[in-house]
There are 2 protein chains.
Amino acid sequence: MKISAKAEYAVRAALELAAAAGSGAPLKAEAISRAQEIPAKFLESILLDLRRADLVRSQRGAVGGYWMAKEISEVTIADVIRAVDGPLAYVRGERPEQVEYAGAAEHLAGVWVALRASIRAVLETTTLADVLEGSLPDPVRMLVADPESWAPH
Amino acid sequence: MKISAKAEYAVRAALELAAAAGSGAPLKAEAISRAQEIPAKFLESILLDLRRADLVRSQRGAVGGYWMAKEISEVTIADVIRAVDGPLAYVRGERPEQVEYAGAAEHLAGVWVALRASIRAVLETTTLADVLEGSLPDPVRMLVADPESWAPH
DNA sequence: ATAATCCCCACCGAATCCATAGGAAATATC
DNA sequence: GATATTTCCTATGGATTCGGTGGGGATTAT
């Protein structure tokens, strides 16, 4: 249950692109690298993934760079993470709904499915625009507002 | 965002122990290994983790084995996973509430905290007894009942 | 004594993670 | 057209984690 460095970099890079959306000019990889302190060559491969997922567009050359391919209020954090890391949640290499259990563990698959659903409930409802403005969706905001959410367990 | 083989084995092993709770006799590692098809030596190290976390007790010798140290309705899936894998969720090696962001990513920490909270909402409310009986907590059951939860996205 | 079982540490191969290197292709400017 | 700039793409590499195994010691009941 961890967010990989790659996924986290990807979200931060996407947020930089989201912030630059509407500026008219493309944003260079080097500028993103500096702004978010992401290793330059690693970022390059991440931006390639994002482009292949049709989340961003790019242009080469002297005035080249990257920009968001969609409305930033239409791109969710889940979209960005899936673009670089694949499926959000899996159990021992398989999708949660595909694992089968015997005996005492018979009903365990339901737990994994519920877990994935609750992860989706956060990541698929929160858009780049939401994070940029600091105005998260209401259910997500409620979780953030609860001091218990910030405490280690 | 994946459930490790070790964590999944641990939960299944715990469920076997939960099923055997009240039988009076300890359950041997070898029996758990057979029932859930978990590699014997790997299971051994898992049971050791569970014992060190005070979730199970053990006895050596001819009539030895393992049994739950607590009421199975008091042990959550989160307890079991933490015993073998450490913290439920972390971002680039740190706890979600500890990462700091600059510029466009300023509000990103809130998303990770909400994500962890939603994971906890499932794993900390679901107990071994719940899974054993197939009667998950109401909010979790609602997620499981939604067909959308079972569909790949 | 003996047999069974858990305890514990060391190790190992493979996969994954986090990058880095180096050049080819495209684009704008002079 | 030459040049500078930037993205595109493949290959590679070190470190760490993951999944699993081996072997011997400690404890317990018979």
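All chains are named by letter (A, B, ...) in the order of the sequence lines, taking the proteins before the strands, and each is independently numbered beginning at 1.
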A:Glu71 versus A:Ser73, side-chain donor and acceptor atoms under 3.5 Å
no
Please give me the minimum heavy-atom distance between B:Val140 and B:Ala121, naming the atom from each residue.
CG2-O, 4.4 Å
Students often get this wrong, so: under 4.0 angstrom with heavy atoms, is A:Arg52 touching a base, only sugar-phosphate, or nothing?
sugar-phosphate
When all nucleic acid strands are considered with a 4.0 Å heavy-atom cut-off, which category describes B:Glu44: base, sugar-phosphate, or nothing?
base
Under a criterion of less than 4.0 angstrom to any heavy atom of chain B, what are the 5'-terminal and 3'-terminal contacting nucleotides of DNA chain C?
C:dA4 to C:dC8
Mark yes or no for whether B:Arg92, through its side chain, and A:Glu8, through its backbone, hold a donor-acceptor pair below 3.5 Å.
no
Taking B:Lys70 for the side chain and B:Leu55 for the main chain, is one N or O donor matched with an acceptor at less than 3.5 Å?
no
Can you tell me if the side-chain N/O atoms of A:Arg51 get under 4.0 Å from OP1 or OP2 in D:dC8?
yes
Output the rounded distance in Å from [atom1] ([X]) to [atom2] ([N]).
X       : N      : atom1 : atom2 : value
A:Glu30 : D:dT6  : CD    : P     : 8 Å
A:Arg60 : D:dT5  : CZ    : P     : 17 Å
B:Leu43 : D:dG22 : CG    : C1'   : 16 Å
A:Lys28 : D:dA4  : NZ    : P     : 17 Å
A:Tyr66 : D:dT5  : OH    : P     : 17 Å
A:Leu47 : D:dC8  : CG    : P     : 8 Å

So that I can tick it off, tell me whether [Y] and [X] are bridged by a salt bridge, with the cut-off set at under 4.0 angstrom between side-chain N and carboxylate O.
X        : Y        : answer
A:Glu16  : A:Arg34  : no
B:Glu124 : B:Arg82  : yes
A:Arg120 : B:Glu148 : no

Listed pairs, N/O of protein and of nucleotides 18-20 of chain D, under 3.5 Å:
from   : atom 1 : to     : atom 2 : distance (Å)
D:dG19 : OP1    : B:Ala5 : N      : 3.3
D:dG20 : OP2    : B:Tyr9 : OH     : 3.3

First encountered from the 5' end of DNA chain C, between A:Val63 and A:Ala40
A:Ala40
Note, A:Leu115 side chain near B:Ile3 side chain (heavy atom, < 4.5 Å):
yes
With A:Met68, the side-chain contact (heavy atoms from CB on, under 4.5 Å) member among A:Leu27, A:Val75, A:Leu50:
A:Val75
